[in-house]
Amino acid sequence: MPVAKPESCDSRVIAHIDMDCFYVQVEQRKQPQLRGLPTAVVQYNEWKGGALIAVSYEARKFGVKRSMRGEEAKEVCPQIHLVQVPVARGKADLNGYRNAGSEVVSILARRGRCERASIDEVYLDLTDAAETMLAEAPPQHLEAIDEEALKSHILGLNNEDGSDVKENVRNWIHRCNADHRDKLLACGILIVAELRMQVLKETEFTCSAGIAHNKMLAKLASGMNKPAQQTVVPFSSVQGLLNSLPIRKMKQLGGKLGMSLQIDMGVNTVGDLLQFSEEKLQERYGLNTGTWLWNIARGINGEAVEGRLLPKSHGSGKTFPGPRALKTVSAVQHWLNQLCEELSERLCSDLDQNKRIAHTLTLHVRAYKSSDSDSQKKFPSKSCPLRYGTAKIQEDAFNLFQAGLREYIGLYGGKSEGSHYSGWGITSLSVSASKIVPIPSGTCSIAKYFHWQTSSHFSSIQSPENLRMDATHLSPPGNESYSEVNLPEPKIDFSGEESWIEDTIPGLGLQEQKINVWKDEFQSRGHSLAELNEVEVAEENERSSCSYIRDQDERRREAWSYNIDEIDPSVIDELPTEIQDEIQAWLQPRKRPNNIVKRGSTISHYFSPTKKS
DNA sequence: ACGGCTCAGACC
DNA sequence: TGGTCTGAG
């Protein structure tokens with residue numbers, strides 16, 4: 001739900017930069033022969049030609065649209081070039097696009113506060129740059145205005161018949177009788193034009209931009225003239241723009257809220273909102289949203305541009321629609337392992353490149369239960385402290401899954417069905433890492449950071465009883481050990497930076513106490529805690545997370561050495577052939593299912609929290 | 001129960 | 001808090 005924020009400054013200059021069909025541009029840079037041709041990026045080519053996720057403007061002229069199938073696109077535009085999104089570990093790999101987005105951000109951040117809004121969009125606060133320009137080199141005194149700036153669209157600037165459009169723009173920029181706010185926007189035009197040219201020069205990507213006094217209007221404007229153009233919203237044209245703007249075009253109003261405004265309140269355009277008092281809107285939609293709506297009807301939007309160049313979370317997910325739904329814990333575990341591998345890799349890059357550490361691991365699952373009435377019951381999301389290292393992330397994610405599954409199955413586990421699967425299917429899995437904080441470089445935030453470390457470094461302890469093929473075998477609620485996933489972590493109270501770490505702390509595991517002793521030792525030798533954290537993380541990282549080759553081997557061994565032995569072969573025979581094949585592949589070169597002998601004693605070794613490597 | 005895969009933010 | 005929901009591209 002949107003929330004109202006007071007306007008911080010009477011007249012800001014905000015730009016919204018939107019890359020044009022970004023994924024297509026990234027692919028065209030890789031394959032320059034595709035430039036200028038109708039092109040689309042598709043994922044999962046095997047079914048009906050895959051789904052389009054980005055479409056070039058040349059292809060759009062033929063009526064090709066996003067969310068079309070590759071085959072449909074070929075029908076309306078036979079000459080279209082379809083490029084597949086890269087696949088890694090059986091899923092779409094968007095890293096190339098993420099990295100390309102970062103290239104752009106690093107250029108755009110040069111002139112002012114920059115907020116990465118998505119993989120291909122950023123907001124810029126150019127107020128300072130514009131004020132500076134106005135003071136030192138105001139546009140009025142510039143005889144030559146850049147050609148790119150002259151191509152800007154200025155909302156509300158009426159082009160009289162026969163008049164030269166560029167000349168009108170030049171005049172608008174040069175106007176010296178304009179009020180301060182428009183003069184600032186004029187500076188914004190020049191700055192953004194320059195930035196866009198810089199992006200093109202350094203990355204070969206084109207983008208479109210909106211320039212206005214707040215984020216909402218800038219965002220609105222950037223989409224009005226694409227591709228490779230920029231649009232300005234002078235203060236005087238705001239109300240005219242909003243009055244006729246369909247309510248759903250407004251950011252945040254494209255969903256249920258916008259629909260409710262339309263259906264319940266008869267609001268069809270943003271201007272229609274003006275007839276309602278702030279109180280009325282608050283009464284219907286709550287204080288925050290009500291005020292927010294009242295403001296946007298008037299073109300007021302105080303949201304600040306956050307100075308943030310990096311994402312706040314990383315996620316890796318995959319859907320398993322319809323018949324492809326996962327029906328065994330083993331299949332789930334296989335895919336969780338893939339997703340966690342990707343996540344771990346990205347966390348590693350983030351650590352290397354940005355010196356940041358994530359502290360929370362979350363698992364999201366979508367599932368259906370065919371059995372009974374509560375089939376629409378949601379599979380609960382679960383989270384736990386994030387431990388670095390691919391194998392650890394995989395282990396923790398799997399534990400989260402089991403905890404969720406037990407809740408999901410609830411009391412209707414259908415115990416009578418024996419080893420048969422009990423009627424659930426997983427249609428979507430995703431793991432994400434959040435609470436990402438920079439490794440402190442100075443001493444100021446050590447205490448806080450250290451608190452994080454101690455509460456996240458060691459977490460769930462698993463027992464072998466949890467690792468079963470079938471959910472019907474899950475132990476009954478109450479005495480199962482994976483509830484420990486959600487147990488509160490022991491925390492150390494730091495009263496300040498000089499806080500001392502005790503040698504022995506009640507409630508801490510042996511391992512944690514050992515570490516704390518080690519930390520003391522380290523500190524007593526004159527090192528700062530910040531240094532220690534870096535060392536610790538670096539070591540952990542080097543050992544298990546970033547050495548992919550060795551790690552992979554190790555992980556396979558680990559992941560499968562405990563529960564293959566527990567698979568009932570009769571269960572495998574009843575699975576869909578696709579999954580059977582998968583399992584057969586995993587089992588090799590281990591035993592064939594027929595030869596499986598019950599033998600579960602090595603499990604505790606693999607899940608011991610003291611396990612190293 | 002095909003629109004996949006990500007992200008952010010608000011609410012309680 | 002953690003978990004759910006909404007909304008965006």
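- At a threshold of 4.0 Å, the pair E395(A)-K392(A) does not count as salt-bridged, since none of the basic side-chain nitrogens sits closer than that to a carboxylate oxygen.
- Annotation: ring pair (Phe, Tyr, Trp, His ring centres under 6.0 Å) contacts of F379(A) (sequence neighbours excluded): F401(A), Y408(A).
- To the nearest angstrom, P of dG2(C) lies 13 Å from CG of L386(A).
- R69(A) comes within 4.0 angstrom of the backbone, heavy atoms only, and of no base.
- Annotation: side-chain hydrogen bond (donor to acceptor under 3.5 Å, both in side chains) contacts of R248(A) (sequence neighbours excluded): none.
- Residue L52(A) is out of contact with every strand shown, counting any heavy-atom pair closer than 4.0 Å.
- Taking only side-chain atoms of I53(A), from C-beta outward, the nucleotide of dG4(B), dG9(C), dC2(B) with the closest atom is dG4(B).
- In this structure, CD of E407(A) is placed 13 Å from C1' of dT4(C), rounded to the nearest angstrom.
- Only the C1' atoms considered, dA8(C) is 14 Å distant from dG3(B), to the nearest whole Å.
- Residue K251(A) places its side chain closer to dA8(C) than to any other of dA8(C), dG7(C), dG9(C).
- A salt bridge does not link E306(A) to K312(A): none of the charged side-chain nitrogens sits closer than 4.0 Å to a carboxylate oxygen.
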Protein N or O to nucleotides 5-7 of chain B N or O, pairs below 3.5 Å:
| residue | atom | partner | partner atom | Å |
| --- | --- | --- | --- | --- |
| dC5(B) | OP1 | Y44(A) | OH | 3.2 |
| dC5(B) | OP2 | T319(A) | N | 2.8 |
| dC5(B) | OP2 | T319(A) | OG1 | 3.1 |
| dT6(B) | OP1 | R98(A) | NH2 | 3.0 |
| dT6(B) | OP2 | K91(A) | NZ | 2.5 |
| dT6(B) | OP2 | G317(A) | N | 3.0 |
| dT6(B) | OP2 | G317(A) | O | 3.0 |
| dT6(B) | O5' | G315(A) | O | 3.4 |
| dT6(B) | O3' | R98(A) | NH2 | 3.4 |
| dC7(B) | OP1 | R98(A) | NE | 3.0 |
| dC7(B) | OP1 | R98(A) | NH2 | 3.4 |
| dC7(B) | OP1 | R346(A) | NH2 | 2.6 |
| dC7(B) | OP2 | G315(A) | N | 2.8 |

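- Between the OH atom of Y285(A) and the P atom of dG7(C) there is a distance of 11 Å, rounded to whole Å.
- When each of T427(A) and A117(A) is assigned the nucleotide of DNA chain B with its nearest heavy atom, T427(A) is the one assigned upstream, toward the 5' end.
- Listed by chain and number, the residues in a ring pair (Phe, Tyr, Trp, His ring centres under 6.0 Å) with F276(A) amount to none (sequence neighbours excluded).
- For P321(A), the side-chain atoms get nearest to dC2(B) when compared with the rest of dG3(B), dT4(C), dC2(B).
- A search for side-chain hydrogen bond (donor to acceptor under 3.5 Å, both in side chains) contacts involving E71(A) returns nothing, not counting sequence neighbours.
- Nucleotide dG7(C) holds its P atom 12 Å from the CG atom of L293(A), rounded to whole Å.
- In this structure, R35(A) pairs ionically with E204(A), as a charged nitrogen and a carboxylate oxygen lie closer than 4.0 Å.
- Distance, Q252(A) CD to dA8(C) P: 6 Å, rounded to whole Å.
- Proximity note for K219(A) (side chain, C-beta onward) versus dC2(B), dT1(C), dG9(C): the nearest is dG9(C).
- When the side-chain nitrogen and oxygen atoms of K378(A) are compared with OP1 and OP2 of dG3(C), none of them lie within a distance under 4.0 Å.
- Going from atom CG of L261(A) over to atom P of dG7(C) covers 11 Å, rounded to whole Å.
- Summarising the geometry, the separation between NE2 on H364(A) and P on dG2(C) is reported as 12 Å, rounded to the nearest angstrom.
- Residue N288(A) is in sugar-phosphate contact alone, with no base atom involved, counting any heavy-atom pair closer than 4.0 Å across all strands shown.
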Tell me which donor-acceptor pairs under 3.5 Å the side chains of residues 216-226 of chain A have, and how far apart each pair is, sequence neighbours excluded?
| residue | atom | partner | partner atom | Å |
| --- | --- | --- | --- | --- |
| K219(A) | NZ | E121(A) | OE2 | 2.6 |
| S222(A) | OG | H16(A) | ND1 | 2.7 |
| S222(A) | OG | K219(A) | O | 3.0 |
| N225(A) | ND2 | T231(A) | OG1 | 2.8 |
| K226(A) | NZ | D20(A) | OD1 | 3.0 |

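- In this structure, W47(A) places its CH2 atom 15 Å from P of dA1(B), rounding to the nearest Å.
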